[in-house]
Amino acid sequence: MGISKIEIYYDENDEADGLRVRVKDNNATLQDLLDAWQPLCDDERLYKLYAEGQHGVCRACTVNCCNTAYVIPDLIAFKKMAACLQLDHRRFIADYFDREKVAAGLLRMRPDPCIFLKDNICTVYPFRSLICRFYLCSNMQGDCEQLIYSVAWAGSAALQIFAEQNQLIDPAPQAGLSSFDQMFKRLVEEYRYTPQVKHFLHAGDYSDIPLAPFLP
């Protein structure tokens, strides 16, 4: 499976072993990775922990991770969703993000279920965040998992920096984060100092982001 620049594969003799990624072109971009990843959502051969019988397509899933997902968007998705809704960034945050978390300095979207989930369908599917795009209830091998984490959290850290630079969030946030919130805040803070974040800050689209700097 996959496309010419990137191959996503797994051992069909050990379906729970985990997904692996092979980058076959040094010029591959984040968009190439997304293009290779998307077909996995509809791959009924792939082992999925929460699917009925551990196999099925994500769009038919009755568990639906969107009901409880903890979504801190990446910067590119944030801009695309705001544009889709025809909202400026400040209004987008005010209308679609958890106000208590924003006041405490964490850009989490309104959850339980996700504010974009209507009749169990994502209403911004083409513009959804990297955290959503990459989520599969499937195991990943170490290098593959690290690549996905690095990309997604660098994008979220870039949003945090962008929001601070544009005074979209309070630079002196209030207290009020749970221990779970604090874990995500630490992840954002950890990734904000990585050089990969700069690629998100300077990119207009995922195709502008080279994948090589994120590879383990």
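Index from 1, following the sequence.
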Stepwise side-chain contact (heavy atoms from CB on, under 4.5 Å) check, F134 with L33
CA-CA 10 Å; F134 283 126; L33 178 60; 3.7 Å; yes
Output, in order, the C-alpha distance, side-chain angles, deciding distance and verdict of side-chain contact (heavy atoms from CB on, under 4.5 Å) for L136 and L46.
CA-CA 10 Å; L136 287 169; L46 181 62; 4.2 Å; yes
Go through the steps for L106 and I72 under the test side-chain contact (heavy atoms from CB on, under 4.5 Å), then give the verdict.
CA-CA 8 Å; L106 191 64; I72 302 174; 3.8 Å; yes
Checking side-chain contact (heavy atoms from CB on, under 4.5 Å) for the pair E164/I169: CA distance, chi angles, key distance, verdict?
CA-CA 6 Å; E164 291 171 2; I169 56 175; 3.8 Å; yes
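Closest approach of A69 and P111 over heavy atoms only: O-CB, 4.1 Å. Considering all non-hydrogen atoms of both residues, I131 and A152 come closest at CG1-CB, 4.3 Å. Considering all non-hydrogen atoms of both residues, A158 and L201 come closest at O-CD2, 3.6 Å. Among all heavy-atom pairs drawn from N166 and R90, the shortest one is O-NH2, 3.6 Å. In plain terms, the two heavy atoms of S207 and T29 that are nearest each other are O-CG2, 3.4 Å. Across Q182 and L177, no two heavy atoms sit closer than the pair NE2-O, 3.2 Å.
Ionic pairing of D32 and K5 is present here: one or more N-O contacts between side-chain nitrogen and carboxylate oxygen are shorter than 4.0 angstrom. Residues R192 and E189 are paired through a salt bridge, judged by an N-O separation under 4.0 Å between the basic side chain and the carboxylate. We find that D143 and R20 are not joined by a salt bridge, their nearest charged nitrogen and carboxylate oxygen being 4.0 Å or further apart. Comment: D43 does not engage K48 in a salt bridge, judged by the lack of any side-chain N to carboxylate O separation of less than 4.0 angstrom.
The aromatic rings of F184 and W153 sit tilted relative to each other, their planes meeting at an angle between 30° and 60°.
Counting heavy atoms of neighbouring residues, nucleotides and ligands inside a 6.0 Å radius, atom OH of Y135 exceeds 12 of them. Few gaps surround CD on Q38; more than 12 heavy atoms of other groups in view lie less than 6.0 Å from it. Within 6.0 Å of OH on Y149 lie no more than 12 heavy atoms contributed by other residues, nucleotides or ligands.
Remark: N67 CG to N120 CG distance equals 6.0 Å, nearest 0.5 Å. In this structure, CG on L75 lies 11.0 Å from NZ on K80, to the nearest 0.5 angstrom. The SG atom of C144 sits 12.0 Å away from atom CZ of R22, with the distance rounded to the nearest 0.5 Å. For the atom pair F214 CZ and Q196 CD, the distance stands at 5.5 Å (nearest 0.5 Å). Separation of atoms SG (C84) and CZ (R128) is listed at 13.0 Å; rounding is to 0.5 Å. Distance OG/S138 to CG/L40: 7.5 Å, rounded to 0.5 Å.
With contacts defined as side-chain heavy-atom distances shorter than 4.5 Å, the pair Q31/D35 qualifies. Using a 4.5 Å heavy-atom cutoff, the side chains of L147 and L211 are in contact. A 4.5 Å side-chain heavy-atom check between K24 and I6 finds every atom pair outside the cut-off. Proximity of L30 to L130: side-chain heavy atoms (C-beta onward) are separated by under 4.5 Å at one or more points. In this structure the side chain of R45 never reaches within 4.5 angstrom of the side chain of H55, judged on heavy atoms. Looking only at side-chain heavy atoms (C-beta outward), I148 and W37 come within less than 4.5 Å of each other. With contacts defined as side-chain heavy-atom distances shorter than 4.5 Å, the pair I76/I209 qualifies. Counting heavy atoms from C-beta outward, V124 and Y96 have side chains that stay 4.5 Å or more apart.
D98 places no side-chain N or O within 3.5 Å of a backbone atom of M109 that could act as its donor or acceptor partner. Side-chain N or O atoms of R110 include one that pairs as donor or acceptor with a backbone N or O of F97 at under 3.5 Å. Counting only distance, with no hydrogens or angles, the side chain of S129 and the backbone of C132 share no donor-acceptor pair below 3.5 Å. Counting only distance, with no hydrogens or angles, the side chain of Q141 and the backbone of D17 share a donor-acceptor pair below 3.5 Å. In this structure a side-chain-to-backbone donor-acceptor pair under 3.5 Å is missing from Q54 to Y47. Of the possible polar contacts, none joining the D42 side chain to the P39 backbone as a donor-acceptor pair under 3.5 Å is found.
Hydrophobic clustering (side-chain heavy atoms under 4.5 Å, transitive across Ile, Leu, Val, Met, Phe, Trp, Tyr) keeps I121 apart from V57. Under a hydrophobic clustering in which Ile, Leu, Val, Met, Phe, Trp and Tyr are joined whenever their side-chain heavy atoms come within less than 4.5 Å, directly or via other members, L117 and I115 fall into different clusters.
Between F92 and F78, a ring centre-to-centre spacing shorter than 6.0 Å is recorded. Not less than 6.0 angstrom separates the ring centroid of F116 from the ring centroid of Y125. Between Y70 and F180, the gap from one ring centroid to the other is short of 6.0 Å.
Judged by the 6.0 Å and 45° rule, K79 forms no cation-pi pair with F127.
In the model, S150 has a side-chain atom that pairs as donor or acceptor with a side-chain atom of Q146 under 3.5 Å. In this structure, a donor-acceptor pair under 3.5 Å is absent between the side chains of E145 and N139. A donor-acceptor contact closer than 3.5 angstrom links the side chains of Y206 and D74.
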